[in-house]
2 protein chains.
Amino acid sequence: MEKDTKYKAKLDYVESLGMFFETLGLPRMAGRIFAWLLVCDPPHQTAAQIAEALGASRGSLSTNLRLLSHFKMIDKICKRGDRSAYFVCRPDSLIDATANKIRFFDELKKLLQKGIGILEAEPFESADRLKGTYEIYDFLEIELLRALENYYKNFNRDSE
Amino acid sequence: MEKDTKYKAKLDYVESLGMFFETLGLPRMAGRIFAWLLVCDPPHQTAAQIAEALGASRGSLSTNLRLLSHFKMIDKICKRGDRSAYFVCRPDSLIDATANKIRFFDELKKLLQKGIGILEAEPFESADRLKGTYEIYDFLEIELLRALENYYKNFNRDSE
DNA sequence: CTTACATTTCAACCAATACTGAAATTTAAA
DNA sequence: TTTAAATTTCAGTATTGGTTGAAATGTAAG
């Protein structure tokens, strides 16, 4: 009974944590899965175990586990003589998610350059608005990438 | 004819730029409006003018102009003896949008602390996974906020 | 090869959200 | 106060995207 209460509390917690990961741009279920893998025991789980814990369908698990694998937010682990696949989360991947968002600034900058080209011919100051916007993202991107670099340096990470 | 072509190119450009602003978490139409206000001439426009340019309904304009005003991404300007309201974009607001996202890390950190409390009693290492995640966001938040501070310092902004 | 279990795919359903258009309301001029 | 123009509200509609469950496929053991 004690244990049941604790387990339920854990599931509630997974729910709220999952909602947060959803805001990273993931489907809700993918957020839940990642949250579950962050707190479950043992740390590696089969799709069936996760489905059971979250009360979700196998289909949804399959789809979202593939998604999370694709984004390298989880690892898929297989063993000889075992037809189950096991999944583990990679907490570090959250940094990469952030890094990708910052790199996205680059696309915007390109787009703004294009716009400046289009508007420069016009006699109005509209190009200035775009130039101002460009300045903002240019500076922010540099600063934020520097921040990330510090992170990598500080935590002695070796890849990506 | 020349002019029509240019105008159409501008509208296409607004469309792609708008798609970008959508990724900030805005409704698509709000993104379009902000993009339009970034390139239009004159820089201040009535809801009717924007609706005309974007081919959108008045209702949608009303809703999304209110939204953008609420987030301080645009200003609403009224004049005595004129029942129209005029709207102008605030390009600087994009910084604040970024800043708010970073502050959002704070909520996650609180949530992670809560989880660490829940799991600490358990004999497993699951709390360690959460602690690792906490470290990541704690460091990132500090670095990113430092980056923003640099921005404000550099561009001599006076508010927020 | 066959059986048993595990995973993936996919069509149908469902929920969330945005957009429209018309009616109601507000605002300024007559 | 009445009229005209602009804005807001809101019910209905469309669209998007996620989830389910069952059928198909894959995989290891017997």
Side-chain angles (χ1 to χ4, degrees), chain A residues 11 14-15 17-37 40 42 44-71 73-88, chain B residues 11 14-15 17-37 40 42 44-71 73-88:
Chain A
L11 285 180
V14 164
E15 198 59 28
L17 195 53
M19 293 308 89
F20 181 86
F21 292 127
E22 190 187 7
T23 67
L24 258 50
L26 300 172
R28 185 165 299 179
M29 188 60 76
R32 285 196 191 103
I33 293 171
F34 192 80
W36 173 250
L37 288 176
C40 63
H44 45 84
Q45 305 246 318
T46 65
Q49 287 175 306
I50 303 170
E52 159 72 15
L54 301 180
S57 73
R58 294 306 176 80
S60 191
L61 262 286
S62 178
T63 304
N64 288 290
L65 286 170
R66 183 149 36 78
L67 182 75
L68 290 169
S69 292
H70 178 72
F71 288 143
M73 295 182 69
I74 62 176
D75 281 329
K76 184 177 189 174
I77 295 170
C78 298
K79 301 175 184 173
R80 293 194 324 114
D82 184 348
R83 53 197 129 183
S84 292
Y86 297 84
F87 298 91
V88 210
Chain B
L11 285 179
V14 164
E15 197 61 27
L17 195 53
M19 293 308 88
F20 181 85
F21 293 127
E22 188 187 8
T23 67
L24 260 50
L26 298 172
R28 186 163 299 178
M29 189 61 75
R32 284 196 191 102
I33 293 171
F34 192 81
W36 173 250
L37 289 176
C40 62
H44 45 85
Q45 307 246 317
T46 65
Q49 288 176 305
I50 303 170
E52 160 71 14
L54 301 180
S57 71
R58 294 306 177 81
S60 191
L61 262 287
S62 177
T63 305
N64 287 290
L65 286 170
R66 184 150 33 80
L67 182 74
L68 289 169
S69 292
H70 177 72
F71 288 144
M73 296 182 67
I74 62 175
D75 281 330
K76 183 177 190 174
I77 296 170
C78 297
K79 301 174 185 175
R80 292 193 326 114
D82 184 348
R83 51 196 130 184
S84 291
Y86 298 84
F87 297 91
V88 209

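Below, read A as the first sequence line, B as the second, and so on, with proteins coming before strands; counting in each chain starts at 1.
dT20(C) atom P lies 8 Å from atom CZ of R32(B), rounded to whole Å. When rounded to the nearest whole Å, the span between CD1 of I50(B) and P of dT7(D) equals 10 Å. Spacing between atom CD of E22(A) and atom C1' of dA15(C) amounts to 13 Å, rounded to whole angstrom units. One atom, NZ of K79(A), and another, P of dT7(C), lie 13 Å apart when rounded to the nearest Å. Going from atom CD of E52(A) over to atom C1' of dT7(C) covers 18 Å, rounded to whole Å. The distance from atom NE2 of H70(B) to atom P of dT8(D) is 15 Å, rounded to the nearest whole Å. At whole-Å resolution of the value, CD in Q49(B) and P in dA5(D) are 17 Å apart. In this structure, the CD atom of Q45(A) is 15 Å from the P atom of dA6(C), given to the nearest Å.
L54(B) has its side chain within reach of V14(B): a pair of non-hydrogen atoms, C-beta onward, lies under 4.5 Å apart. Put simply, the side chain of R28(B) reaches to within 4.5 Å of the side chain of M19(B), judged on heavy atoms.
Once rounded to the nearest 0.5 Å, the distance linking CG of L26(B) with CZ of F34(B) reads 9.0 Å. With values rounded to the nearest 0.5 angstrom, N64(A) atom CG is found 4.5 Å from I33(A) atom CD1. A distance of 11.0 Å separates CZ of R32(A) from CG of L11(A), quoted to the nearest 0.5 Å.
Proximity of a side-chain donor or acceptor of S69(A) to a complementary backbone N or O of L65(A) within less than 3.5 Å is detected. Although no hydrogens or angles enter the test, the distance criterion places a donor-acceptor pair under 3.5 Å between the side chain of T23(A) and the main chain of F20(A).
Across all strands shown, K76(A) has heavy atoms under 4.0 Å from sugar-phosphate atoms exclusively, and none from any base.
In the interface, the side chain of R83(A) is paired with the base of dA4(C) through a donor and an acceptor atom under 3.5 Å apart.
Contacts with DNA chain D (heavy atom under 4.0 Å) in residues 53-63 of chain A: G55(A), A56(A), S57(A), G59(A), S60(A), listed by number.
Along DNA chain D, the nucleotide nearest to A85(B) and the one nearest to P27(A) differ in position, and the one closer to the 5' end is contacted by A85(B). Both R28(A) and F87(A) lie close to DNA chain C; mapped to their nearest nucleotides by heavy-atom distance, the more 5′-ward contact belongs to F87(A).
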